[in-house]
**Student:** 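So that we are looking at the same thing, I have put the structure below in structure tokens.
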Amino acid sequence: MKKRGRGLGCAWYGTGYGNGFPDVSSAFVEIHDDGSVSVLTGAIDVGQGSSTIFAQIAAEELGIDPEEVTVISGDTDVTPDSGTSAATRHTYNTGNAVIKAVAQAKASLLTYAARALHCTTADGIELKDHKVRVKGEPSRSLPLAELVSKARLEGERFLGSDSYTARTTRVNPETGQGAPYWPYAFGSQVAEVEVDTETGNVQVLRVAAAHDLGKAINPLQAEGQIAGGIAQGVGFALLEEVRLSEGRIKNPTFSQYLIPTVLDMPEIRAILVEEPEGTGPYDAKGLGEPAMLPTIAAIVNAIDDAVGVRITSLPATPEKILAALAEQSKK
Amino acid sequence: MNGTVGGTVGGTVGGRVLREDAWGKVLGQAAFPADVRREGQIYAVAVRSPHAHARIRGLKLDEARKAEGVVAVLTSADVPHNGHGVLYRDQPVLVQDHVRMAGDPVVLVGAETLAEARTAAGLVEVDYEVLPGLFDPEEAMKEGVPALHPEIHGSTNIVYHLPVCKGNVAKGWAEAEVTVERDYQTQMLDHAFLQPEAVLAYVDERGHLVVEVATQYAHYDRGEIAHALGLKFNQVRVKTVSVGGAFGGREDISLQIMAALMAWRTLRPVKMENTREESFHSHSKRHPMRMHYKTGATRAGKLTVLEARIVGDAGAYASWSPNILRKAAIHATGPYEIPNVRVDAYAVLTNNPYTGAMRGFGAAQPVLAYESQMDLLARELGLSPMELRLRNICRVGSETATGQVLTGSVGMEECLKAVKSYLGEVSAR
Amino acid sequence: MKIELTVNGVARILEVEPEERLLDVLRERLHLTGTKEGCGEGECGACTVIMDGKTVNSCMVLAAQADGHAVTTIEGLGNRGSLHPVQKAFLEEGAVQCGFCTPGMVLSAKALLDRSPHPGKEQIAVAMSGNLCRCTGYDKILRAVERAAGEVKE
Amino acid sequence: MYYVRPETVAEVLEAGEKPGMLYLAGGTDLILKLRRQEVQARGLVDLQAVAELRRIRVEGDRLEIGAMVSFADLLNNDQVATEARALWLACRSMGAPQIRNQATLGGNLANCSPAADSLPALLVLQAQVRLLSHSGETLVPLAELLERTPLWPSGTLLAGFRLPLTGGASGFAKLGRRQALAIARLSAAVALREENGRASGVRLAFGAAGKRAFLSADLAEKLNGLVLDGGFTEVACREARKVISRALGERASAPYKREAVAGVVREALASVEFMKSGEGA
């Protein structure tokens with residue numbers, strides 16, 4: 001018999017290296033004659049899309065398009081150290097470093113622009129739509145490219161280099177007390193599963209996933225992180241296991257270590273919850289790792305909802321489910 | 001660019017901006033490390049231990065050295081500083097005498113072609129004295145058991161222990177009207193990124209060592225390569241090419257130092273490419289964890305106390321284990337306010353494949369335990385899983401088990417509300 | 001042995017070993033490195049190419065078997081000036097993350113749409129089921145193929 | 001190693017005579033085995049160019065399927081979809097599109113893995129296997145062939161399969177760990193007819209429950225003549241448990257498979273066209 005059930009899973013995740021370790025990201029920025037920009041950072045895009053996030057942030061700060069920002073990353077001869085592509089830290093940490101480095105380049109640009117536009121202070125200047133404008137008097141403006149090339153001919157240079165460090169403290173090794181991570185990301189997912197009571201097979205039919213990431217700098221990429229996280233959660237909960245014999249891996253191939261195929265995936269509804277984090281770039285936190293965490297629990301809880309057995313050891317294999325069902329029917 | 005491709009939707013920040021590197025990826029132009037080549041490159045292959053725990057009594061390398069196409073056969077004697085690691089340099093580039101896990105590299109063979117390198121690697125004879133291994137972390141953490149890294153961690157295999165103590169556990173139990181106690185277990189996982197490790201290393205026209213690789217942290221790799229080879233940081237350039245998935249599995253050193261060493265010694269460009277099987281044997285894994293959980297709540301559905309013991313199998317090398325078990329301990333309560341907490345988390349060395357970073361980093365495994373506990377408690381209390389959570393979740397101003405006050409963005413309640421309609425009637429139980 | 005095959009519309013005459021895989025010939029001899037090796041045993045689909053209109057895993061095809069046949073690799077599909085509708089849809093839907101599976105995915109989708117321009121959702125999923133992805137959870141990949149199917153119709 | 005690609009059966013047999021030569025069908029199993037050095041060969045005789053081995057055609061009251069017909073070809077064939085439903089379903093469950101495009105029905109038998117997807121289906125469809133050698137053609141029932149080790153003397157060419165078109169219905173189900181690219185952990189094929197509300201001509205075969213796929217005569221006997229109502233499926237499931245239990249004995253997988261087989265048999269029966277909406281499902 002096939003039985004359906006739904007389960008809820010929640011999780012939290014402290015982003016960053018944490019525990020008082022100096023979690024530092026750095027970036028170099030240069031604004032070119034035509035108003036396009038180079039951002040150099042050690043932060044590596046491992047597929048999650050960090051370079052796109054940095055381009056968006058720099059573009060937003062300078063009133064240009066992301067396509068006009070070239071992000072150069074992960075070359076130790078060229079880029080400053082920005083720490084590991086890990087710990088759900090690049091959007092928050094390196095994003096903040098990019099903002100700070102851009103701010104430096106921007107500060108000299110605004111000072112120059114204030115003079116050029118006869119404004120009393122750089123605070124009165126804004127960068128929008130490829131223009132340098134006086135706040136409140138948008139007709140008083142110059143094209144960004146024109147201003148930058150003119151300034152450069154006069155010997156001005158618009159560069160920035162800065163670092164950002166996330167705030168944490170080391171926990172007391174005797175009591176575990178401290179403020180080890182900041183910020184925390186949160187997520188909640190509901191999974192609907194179908195369990196075959198005769199074969200023990202579980203199919204995950206649907207997952208709704210809500211994740212608080214502070215601010216979705218790129219919703220397209222955020223949705224991609226959630227779906228990818230769910231896939232790894234499905235694998236974790238149901239399929240994957242490195243099997244050992246005397247410490248040696250017995251299944252070191254893709255025909256034996258099974259990850260989900262497209263046909264093993266549920267229908268996904270991704271919901272982006274934006275609780276602004278004031279210290280983040282545009283209020284953003286992070287999403288990469290948290291995306292997979294609630295899936296594990298939602299599936300296990302849904303199995304229980306469907307057939308009334310509690311799986312406490314992962315993966316929830318058909319064998320374990322049948323054994324649990326048999327145990328249950330004895331009672 | 002092609003003007004017909006629909007571009008950014010919405011503003012710059014907050015917009016559905018298309019990633020620039022996707023162009024090269026859909027066109028097949030993006031270069032992953034296996035795709036880069038250099039004139040005159042040779043191939044290197046590592047000979048890895050099939051045994052999880054062994055002493056090396058001797059090496060016979062003559063046949064391999066004489067084999068067709070072989071350029072160099074390197075051993076631990078060729079490594080100036082034979083260690084690397086993210087927290088402790090406890091992992092040898094090439095094992096000298098003590099094999100601690102199956103897959104430990106022992107000999108490195110370089111040859112003109114990949115086939116010749118593999119053939120020659122097959123001719124290397126390693127004389128192993130197989131030792132009894134420690135495969136169960138509960139066993140390995142007992143006193144008197146042989147320590148795997150005495151020079152670093154002394155007489156114990158426990159590389160890390162963190163207690164998290166909050167409030168008064170006895171008081172918490174006194175207040176608890178309902179208790180749920182269970183053992184949970186998670187398995188060892190592989191990152192299974194689609195792109196197996198590969199690297200191209202060469203000495204450039206400046207005499208600098210260049211290593212092109214897919215990594216999560218080029219600057220770390222540079223430091224470890226420079227250290228192992230006795231070079232200055234500025235003499236080593238780590239250049240990241242396209243990374244075919246990582247998920248934590250490219251944080252530790254895999255092939256980087258070996259390829260760099262071979263290139264430095266032979267002055268030839270050196271290519272290394274793992275097969276999928278070699279990949280399984282050569283990068284870290286997710287920590288299997290055993291978690292004992294005991295949770296108490298009042299009839300009104302307020303959590304009063306949690307006691308948990310978490311043991312993570314670190315495998316043969318520490319990698320990030322201390323940080324991972326710390327993260328497990330700190331996240332052990334889940335996103336809930338619990339006034340009285342005692343958690344003990346341990347990372348224990350064994351002769352299993354070493355475990356390290358993987359998406360979730362120690363905050364993943366406890367989710368199974370704390371969320372199962374919540375559903376079991378809800379059932380005991382006759383509350384819906386949603387309701388029990390809503391009564392206990394962290395909100396702005398909540399204090400975590402480590403005493404941290406959550407001052408900023410805490411969107412747990414919004415997330416729960418957002419998925420509530422998807423729970424429907426089915427899970428009223 | 002000598003083989004003659006057409007790769008991306010170009011006739012090639014090559015001297016290969018009988019045990020050599022099509023994958024290696026494409027990557028090592030023709031430097032068409034868009035075809036990836038992920039597992040070497042036909043499980044991941046990263047090495048997918050189209051041979052005579054049908055997708056195959058080039059890690060399990062001998063170059064000798066491809067003698068006399070027409071092979072299309074990702075390099076044969078489109079360029080920056082004129083993307084194939086599937087490539088365009090992958091870009092627009094955000095179906096690319098690390099990108100290692102992408103060439104194989106794109107070719108599986110192309111082969112499907114060539115054969116069946118109006119596939120249903122299930123048909124799309126089945127057609128993509130021989131290509132593993134570890135990053136995307138497949139969601140946006142499926143959307144991309146649906147989108148491409150819509151554009152092919154136009 | 002060398003490679004030849006003959007175009008006629010006669011040339012194939014001649015090439016196959018030389019010592020150390022192996023026939024190469026699709027290659028999805030053989031090429032991996034060669035690379036892993038599980039199989040040694042001095043040369044390969046590629047069968048792809050022999051046109052007659054690639055045909056599917058109806059001849060009178062039988063369906064002739066060449067050994068080099070791919071799983072994808074079978075899936076795209078209407079005759080197979082309707083007249084040999086079990087085989088069609090087995091093809092659909094096998095591997096993934098790339099593998100179905102390349103792998104052949106002949107290769108599936110020649111490789112003869114315990115989990116070979118097509119064999120239970122071919123068994124219940126009463127397939128006969130056409131074997132060619134210099135001494136001529138022989139036709140051997142698959143069930144009989146599967147009891148031989150090796151399946152045939154070296155140099156023999158597996159030319160194809162002959163399936164009688166009986167008008168009976170058939171079905172198939174497979175239990176795998178995932179929905180695609182899954183090796184069968186257990187598979188079941190069934191063929192039967194309805195006569196006056198009762199089952200007749202019942203055949204049930206299993207895969208991945210022992211060294212080779214097999215037909216269960218016991219099950220056929222127990223099920224023939226039973227009324228095709230809800231109870232039929234239950235009897236089939238119950239009896240299948242006993243069959244699998246006996247077939248697997250003390251194997252580690254036995255405790256699981258002897259339970260799970262009920263679900264597989266239930267699904268196989270439910271996949272039979274006339275059982276779908278009826279009580280039997």
Side-chain angles (χ1 to χ4, degrees), chain A residues 6 8-13 42 44 46-47 49 52 56 59-60 66 74-77 81 84-86 171 175-180 186-188 190 208 210 212 214 217-220 240-242 246-249 252 257 259 271 273 275 277-278 282 289 292-293 296-297 301 305 312-314, chain B residues 12-13 16-17 19 52 102 133 135 162-165 182 184-190 192 216-219 222 237-240 243 245-246 251 276-277 280 285 330 335 351-352 357 359-360 363-364 367-368 371 375 385 389 402-404 408-409 411-412 414-416 418-419 422-423 426-427:
Chain A
R6 293 182 196 176
L8 176 63
C10 295
W12 65 326
Y13 187 84
I44 293 159
V46 295
T52 308
Q56 287 179 259
E60 182 77 35
D75 183 338
T76 59
D77 263 14
D81 187 347
T84 323
S85 294
V171 294
T175 65
Q177 295 298 293
F186 299 85
S188 189
V190 170
D212 169 25
I217 290 185
N218 188 327
L220 191 67
E240 299 175 33
E241 180 169 25
V242 174
E246 301 281 291
R248 187 162 176 81
I249 301 173
Y257 184 90
I259 67 172
I271 304 158
V273 172
E275 283 289 316
E277 168 51 41
Y282 300 93
E289 290 168 277
M292 72 170 286
L293 306 186
I296 307 157
N301 286 338
D305 187 49
T312 55
S313 152
L314 297 183
Chain B
T12 301
V13 159
R16 300 171 79 84
V17 175
R19 45 190 306 158
F135 304 114
L162 180 70
V164 173
C165 318
R182 282 281 203 288
Y184 299 93
Q185 195 173 321
T186 61
Q187 73 277 40
M188 178 175 280
L189 295 177
D190 189 88
Q216 289 176 251
Y217 194 3
H219 289 76
R222 175 183 65 179
R237 176 186 191 185
V238 174
K239 193 176 152 198
T240 314
V243 183
E251 291 190 31
R276 176 57 56 185
E277 188 162 346
F280 267 96
K285 300 283 172 281
I330 290 166
N351 292 110
N352 289 324
R359 196 176 195 172
V367 179
L368 170 72
E371 284 301 87
D375 265 30
R389 284 171 176 84
T402 69
Q404 183 170 7
S409 162
M412 191 66 248
E414 286 306 309
C415 289
L416 271 173
V419 298
Y422 296 91
L423 265 178
V426 188
S427 23

**Student:** Under 4.5 Å, counting heavy-atom pairs only, tell me which of B/Leu189, B/Val367, B/Ile330 racks up the most with chain A.
**Tutor:** B/Leu189

**Student:** If you count heavy-atom pairs within less than 4.5 Å of chain B, which of A/Leu314, A/Leu220, A/Asp212 leads?
**Tutor:** A/Leu314

**Student:** Check each atom of B/Arg182 against the heavy atoms of chain A and say whether the ones under 4.5 Å are side chain, backbone, both or neither.
**Tutor:** side chain

**Student:** Using non-hydrogen atoms and a 4.5 Å limit, figure out which bit of A/Ser85 sits close to chain B: side chain, backbone, both or neither.
**Tutor:** both

**Student:** At their closest point, which heavy atom of A/Thr312 faces which heavy atom of B/Leu368, and how far apart are they?
**Tutor:** O-CD2, 3.7 Å

**Student:** What part of B/Ala364 gets closer than 4.5 Å to chain A, counting heavy atoms only: side chain, backbone, both or neither?
**Tutor:** both

**Student:** For residues A/Pro180 and B/Thr402, report the shortest heavy-atom separation together with the two atoms involved.
**Tutor:** CD-OG1, 3.5 Å

**Student:** Decide yes or no on side-chain contact (heavy atoms from CB on, under 4.5 Å) for B/Leu416 and A/Leu8, but give the supporting numbers first.
**Tutor:** CA-CA 9 Å; B/Leu416 271 173; A/Leu8 176 63; 4.0 Å; yes

**Student:** For a quick test of reading the model, state the closest non-hydrogen atom pair linking A/Gly178 to B/Gln404 and the distance between them.
**Tutor:** O-CB, 3.7 Å

**Student:** Taking every heavy-atom pair that is under 4.5 Å apart, which of B/Gly360, B/Ala246, B/Ala102, B/Gly403 has the most such pairs with chain A?
**Tutor:** B/Gly360

**Student:** Answer with side chain, backbone, both or neither: which region of B/Glu277 has an atom nearer than 4.5 Å to a non-hydrogen atom of chain A?
**Tutor:** both

**Student:** Would you confirm whether A/Thr76, through its side chain, and B/Val238, through its main-chain N or O, come within 3.5 Å as a donor-acceptor pair?
**Tutor:** yes

**Student:** What part of B/Asp190 gets closer than 4.5 Å to chain A, counting heavy atoms only: side chain, backbone, both or neither?
**Tutor:** both

**Student:** Write down the atom of A/Ile271, the atom of B/Ala418, and the distance for their closest heavy-atom approach.
**Tutor:** CD1-O, 3.6 Å

**Student:** B/Ala52, B/Ala363, B/Cys415, B/Ala218: which one forms the most heavy-atom pairs within less than 4.5 Å of chain A?
**Tutor:** B/Cys415

**Student:** Just so I understand: if I count every heavy-atom pair under 4.5 Å between each of A/Gly278, A/Gly49, A/Cys10, A/Gly9 and chain B, which residue has the most?
**Tutor:** A/Cys10

**Student:** If you count heavy-atom pairs under 4.5 Å with chain A, which of B/Glu371, B/Gln185, B/His219 comes out on top?
**Tutor:** B/His219

**Student:** Please identify, among A/Ala208, A/Gly214, A/Ala297, the residue contributing the most non-hydrogen atom pairs under 4.5 Å to chain B.
**Tutor:** A/Ala208

**Student:** Kindly indicate whether the side chain of B/Phe135, heavy atoms from C-beta on, has any atom under 4.5 Å from the side chain of A/Glu246.
**Tutor:** yes

**Student:** With respect to chain B, which residue among A/Met292, A/Glu277, A/Glu289 yields the maximal number of heavy-atom pairs within a distance under 4.5 Å?
**Tutor:** A/Glu289

**Student:** Show your working on side-chain contact (heavy atoms from CB on, under 4.5 Å) between A/Val171 and B/Leu162 and close with a plain yes or no.
**Tutor:** CA-CA 9 Å; A/Val171 294; B/Leu162 180 70; 4.1 Å; yes

**Student:** Do you know which two heavy atoms are closest between A/Phe186 and B/Gly411, and how far apart they sit?
**Tutor:** CD1-N, 3.7 Å

**Student:** Would a distance-only check, ignoring hydrogens and angles, find a side-chain to backbone donor-acceptor pair under 3.5 Å from B/Gln216 to A/Ile44?
**Tutor:** no

**Student:** For B/Val164, does its backbone N or O pair with a side-chain atom of A/Gln177 as donor and acceptor, under 3.5 Å?
**Tutor:** no

**Student:** Using non-hydrogen atoms only, which part of B/Arg222 is less than 4.5 Å away from chain A: side chain, backbone, both, or neither?
**Tutor:** side chain

**Student:** Report the option among A/Leu293, A/Asp77, A/Ile259 that has the most heavy-atom pairs separated by less than 4.5 Å from atoms of chain B.
**Tutor:** A/Asp77

**Student:** Donor-acceptor pair, A/Thr84 side chain versus B/Tyr217 backbone, under 3.5 Å?
**Tutor:** no

**Student:** At a heavy-atom separation under 4.5 Å, does B/Arg389 approach chain A through its side chain, its backbone, both, or neither?
**Tutor:** side chain

**Student:** A/Tyr13 versus chain B, heavy atoms under 4.5 Å apart: side chain, backbone, both or neither?
**Tutor:** both

**Student:** Start with the C-alpha distance between A/Glu241 and B/Met188, add both sets of side-chain angles, then the distance that settles side-chain contact (heavy atoms from CB on, under 4.5 Å), and finish with yes or no.
**Tutor:** CA-CA 6 Å; A/Glu241 180 169 25; B/Met188 178 175 280; 6.0 Å; no

**Student:** Which atoms of B/Lys285 are under 4.5 Å from chain A, going by heavy atoms: the side chain, the backbone, both sets, or neither?
**Tutor:** side chain

**Student:** How far apart are the C-alpha atoms of A/Trp12 and B/Met412, what are their side-chain angles, what is the distance that settles it, and do they pass the side-chain contact (heavy atoms from CB on, under 4.5 Å) test?
**Tutor:** CA-CA 8 Å; A/Trp12 65 326; B/Met412 191 66 248; 5.6 Å; no

**Student:** Quick check: does any side chain N or O of A/Asp75 sit under 3.5 Å from a backbone N or O of B/Lys239, one acting as donor and the other as acceptor?
**Tutor:** no

**Student:** So, for A/Gly47 and B/Arg19, which heavy atoms are closest and what is the spacing to 0.1 Å?
**Tutor:** O-NH1, 2.8 Å

**Student:** Which atoms of B/Tyr184 come close to chain A, meaning under 4.5 Å heavy atom to heavy atom: side chain ones, backbone ones, both, or neither?
**Tutor:** both

**Student:** Taking A/Ile296, A/Asp81, A/Ile249 one by one, which has the highest count of heavy-atom pairs under 4.5 Å against chain B?
**Tutor:** A/Asp81

**Student:** Counting N and O atoms only, with roles assigned by atom type, does the side chain of B/Thr12 sit under 3.5 Å from a partner on the main chain of A/Gln56, one being a donor and the other an acceptor?
**Tutor:** no

**Student:** If we only count heavy atoms from C-beta on, is the B/Gln187 to A/Val242 side-chain gap below 4.5 Å?
**Tutor:** no

**Student:** Could you look at A/Val273 and say if it's the side chain, the backbone, both or neither that has a heavy atom under 4.5 Å from chain B?
**Tutor:** side chain

